[in-house]
Amino acid sequence: MSVLWRLSALLLFWSAIVSAQRAPAPPYPPDPTHKGPAWFADIAPNAGLTMLNVNGDTATKKYIIETTGSGVAILDYDHDGWPDIFFVNGDAFDFEPGHAIGHTNHLYHNNHDGTFTDVTKAAGLATTGWGQGVCVGDYDNDGYDDLYVTYYGKNRLFHNQRDGTFKDVSEQAGVTGTGKEWGTGCAFVDYDRDGKLDLMVSNYVHFDLATIPKPGEGVMCIWKGTPVMCGPRGLPSVPNTLFHNTGDGHFTDVSKSSGIEKTFGHYCFSVSTIDYNDDGWPDMYVACDSTPSILYRNNHDGTFTDVAAEAGVAYDEDGREQAGMGSAIGDYDGDGRPDIFKTNFSDDVSSLYRNTGDGSFTSTIQQAGLGLNTQYLGWGVSFFDAENDGWPDLLLVNGHVYPEVDSAHLGSTYKQPCLFYWNTGKATFQDLSKSAGPGCTAVASSRGLAVGDLWNDGRVSVVVNNMGSTPKLLVNLAPNQNHWLGLSLHGTQSNRDAIGAKVTIAVSGRSYVQEVRSGSSYISSNDLRLHFGLGVSKTIDHINVRWPNGEQEQFPGGSVDRFLSLTEGAGKPVQ
C-alpha cells in the first residue's frame, strides 16, 4: 500500500470524525407529521430571499425577450464551506427602443443558520442589463469559483477576487460576444482536457426592437387564434459560441473551427455537459426551442459533431421537433449510464432519453410514466434524490409564456405549479406533485432552477427564479432514515473544480455514478458538489474517480452521512 493511499485513508478517517463532531443542527428540521418521500415548504421569505425578478411587463408580453426569464446558481463564492445563491435578473422596457429601466442581479451570502444576506453591492455585482443564464467555474484555477452571466446584449465574466468581491473582466477576457447574440445557457467545460476550463454559450435569436413585429402581426404572432408576442420562429437565429481558454486570462472564439456552428438546431437554451459514450471526453447536449435538440459529440481533436439525430435525442419518439427549454442529466434506472430529461412547451410531453450504452438513446417518456401533465410549460429541472433512497427523482418548474392564456381561456394558466416525480427504483416514476407540499403546489411563472445541500445536512434543497415575483426556496420537510454522502472534488492536473470528472461509488454490490458539471437545468447552475443518496447502506466500499484528464484513481470507503473532499493525486491509481 502506497504512502499516498495510507495518507488518503487517514485523511478520510479524520474527516469523518470532524464531520460527526461539527454536524450542524438543520435550520429547518424534518417534521414527522409530513408524509414522505417529499413534502416541500417554500422558506424563501424566512430565509431572506426577497429580490424581485423583473422581465418586462407583468400583465402583457409584447416581446419575446420578456418571456424567457432568468437563471440561478448555487456556489460557495467565499470558500466558507456553505453554498451561497446568485440570482440573474432581467429588465423592463419603457417601450422606447433601446432604453431599459435597469435592475441588478443578486448575490445572497449563506449565514449558516437558514438565512441569507444580500451582498450584491459589497461583492461588486450590482450591474444592470437584461440577464438570462449563469454558469459557475474556476476558469483561472486559483481555487475560487467565477461567474459567467449571459445577456440580451454582451455577456459578462465576473472574476472572483478571493476577498468576497468580483470584477467584471469580460472585455479583456474576450468572452462578451459581439452584442448581437442573445445569450441564454452556458457551461464551463474542459473540452480539450488541457486542465483549463473553456466556455460553451448557447444563443437564442437576433432580437432587434426596431424591426421585430408586434403581437398579431404575422402568422408567427398568433397562438390558438389569439394575438401574442412573436417568435422564435420567424426571427433570425444565432449560432452557438465556444470559447477556448488560452490559460493567460483570455479566451479565443473557436465556434467555427470546432464545428459548434454546424448544426440544424437553433433557438437554443440550456447546455448540459455529458459524457454520453463514456470515452472520457465531455460531450454537450443543448435543448432547442422549436427545432431539433443538439448533441455535440467530442471528436478528441478540438472539434465536435452534432450527432443528436443518429443518437436518438433530436426529436420525440414520433420524429417531431419539440420546443425544448431545460435539460437534466441523471442515471434514473441505475445502470451506470447518464440519461437525459428535457422540458418542453405546453400541449406536449416532456422528453426522457435512456442511454442504451452503445452510443444511442431510446425515448422512454411513456414507459417511465412521465407522459403526463401536458397542460404545463416546463423550464428548470433537475434529477436529485429527495429522500436519499438511492434513486434520483425529478422536480421541474413551469409557467406559460403568454399571459393571454388566462384572459382568453386557452386551456392553460400563466402561473403553474411545480411537478415532483418520485423514482420507484424500477425505471418508472410516480407523479406525487399534489401531495408534495405547498411549496410544490403553489403556482408561479417559474424559469431557472438549481439544487444543492444548502445547510450541509444531507438534504438537497431547490432554488427557483420566478418571473415578476420573488424566488422560491424549497426544503423537503418529510423525514426519512436513509443515508447519504457528499463529495467535493479538487483537480490538480485537471481543472481545479474537476468539472467533467466521473465518480463511481461502490456500496454493497451496487454502483452509483455521477458527473461533475457546470450549467444545466434551465440556464442555471447547480452546486458543484455531488450528492449521493445511499438508502439503508451505512458504509461505502470505495470511490472511483475518473478525472477530467482521463486518469483514474480509487479512494477508500468508510462511513456515510458526511462530506468528503477528494484531491487528484491522493488516491490509488487504477490501471
Side-chain angles (χ1 to χ4, degrees), residues 34-40 270 272 274 285 287 312-313 316-317 322 324-356 361-398 416-437 439-441 446 449 451 459-462 464 474 476 478 480 482 484 510 512-514 520-522 526 531-535:
H34 298 315
K35 183 180 179 181
W39 199 91
F40 292 104
S270 303
S272 293
I274 172 176
Y285 179 77
V313 295
D316 71 2
E317 54 193 6
Q322 295 176 287
M325 309 297 174
S327 56
I329 311 298
D331 178 16
Y332 81 93
D333 55 356
D335 64 0
R337 298 188 289 264
D339 310 301
I340 301 172
F341 184 90
K342 177 167 66 75
T343 57
N344 295 313
F345 205 80
S346 61
D347 301 318
D348 197 0
V349 297
S350 299
S351 304
L352 179 66
Y353 300 109
R354 186 181 70 83
N355 193 326
T356 62
F361 294 78
T362 300
S363 174
T364 55
I365 193 71
Q366 300 294 346
Q367 297 91 320
L370 295 173
L372 310 167
N373 300 309
T374 58
Q375 71 273 33
Y376 298 134
L377 198 167
W379 298 89
V381 60
S382 183
F383 281 106
F384 70 98
D385 194 343
E387 82 281 34
N388 291 328
D389 67 347
W391 298 97
D393 311 299
L394 275 166
L395 192 143
L396 50 151
V397 295
N398 309 287
Q416 299 175 352
C418 304
L419 292 172
F420 175 67
Y421 295 119
W422 176 66
N423 192 328
T424 67
K426 300 177 182 178
T428 61
F429 293 82
Q430 288 184 13
D431 181 4
L432 301 182
S433 308
K434 294 181 179 179
S435 61
C440 191
T441 57
S446 301
L449 174 153
V451 301
R459 288 180 300 162
V460 176
S461 296
V462 183
V464 183
L474 304 182
N476 184 9
N480 68 75
N482 293 318
W484 58 276
R510 183 183 168 189
Y512 300 85
V513 181
Q514 292 187 37
S520 200
S521 182
Y522 173 70
N526 298 320
H531 178 92
F532 293 85
L534 301 174

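A quick note: this is a predicted structure, and the numbers were derived from the prediction, not measured.
The backbone N or O of Tyr376 sits nowhere less than 3.5 Å from a side-chain atom of Ser346 that would complete a donor-acceptor pair. Between the side chain of Glu387 and the main chain of Asn482, no donor-acceptor pair closer than 3.5 Å is present. Remark: the backbone N or O of Ala386 is paired with a side-chain donor or acceptor of Asn476 at under 3.5 angstrom. The backbone N or O of Asp335 sits less than 3.5 Å from a side-chain atom of Asp331, completing a donor-acceptor pair. Counting only distance, with no hydrogens or angles, the side chain of Arg510 and the backbone of Gly390 share a donor-acceptor pair below 3.5 Å. A donor-acceptor contact shorter than 3.5 Å links the side chain of Asn398 to the backbone of Pro417. Listed for the Thr424 side chain is a donor-acceptor partner under 3.5 Å among the backbone atoms of Thr428. A donor-acceptor pair under 3.5 Å links the side-chain atoms of Ser270 to the main chain of Met325, judged by distance alone. Judged purely by atom type and a 3.5 angstrom limit, Arg337 uses its side chain to pair as donor or acceptor with the backbone of Asn355.
Between the side chains of Ser272 and Ser327, a donor-acceptor pair is found at a separation under 3.5 Å. Remark: the Ser351 side chain and the Asn344 side chain contain an N/O donor-acceptor pair separated by less than 3.5 Å.
Separating the NZ atom in Lys342 from the OH atom in Tyr522 is a distance of 13.5 Å, to the nearest 0.5 Å. Here the straight-line distance linking atom CG of Leu377 with atom OG of Ser446 works out to 11.5 Å at 0.5 Å rounding. Summarising the geometry, atom OG1 belonging to Thr374 is positioned 6.5 Å from atom CG belonging to Asp347; distances are rounded to the nearest 0.5 Å. In this structure, CD in Gln430 is found 11.0 Å from CG in Leu370, a value given to the nearest 0.5 Å. We find the OG-CZ distance between Ser461 and Phe384 to be 8.5 Å, quoted to the nearest 0.5 Å. Here the CG-SG distance, from Leu474 to Cys440, works out to 7.5 Å after rounding to the nearest 0.5 Å.
Of all heavy-atom pairs between Trp422 and Pro37, the closest is CD1-CG, 3.5 Å. Between Val451 and Leu449, the shortest heavy-atom contact is CG1-CD2, 4.0 Å.
With contacts defined as side-chain heavy-atom distances shorter than 4.5 Å, the pair Val313/Tyr285 qualifies. The shortest distance between side-chain heavy atoms of Leu394 and Phe429 falls below 4.5 Å.
The aromatic rings of Phe383 and Tyr332 sit parallel, their planes meeting at an angle under 30°, below the 60° perpendicular limit. Ring geometry, Trp484 versus His531: the interplanar angle falls under 30°, so the pair is classed parallel (tilted spans 30 to 60°). Relative ring orientation between Phe532 and Tyr512 is described as perpendicular, the plane-to-plane angle rising above 60° on a 0-90° scale split at 30° and 60°.
Residues passing the side chain to side chain contact (heavy atoms under 4.5 Å, CB included) test with Asp431 are Leu372, Asn373, Tyr421, Ser433, sequence neighbours excluded.
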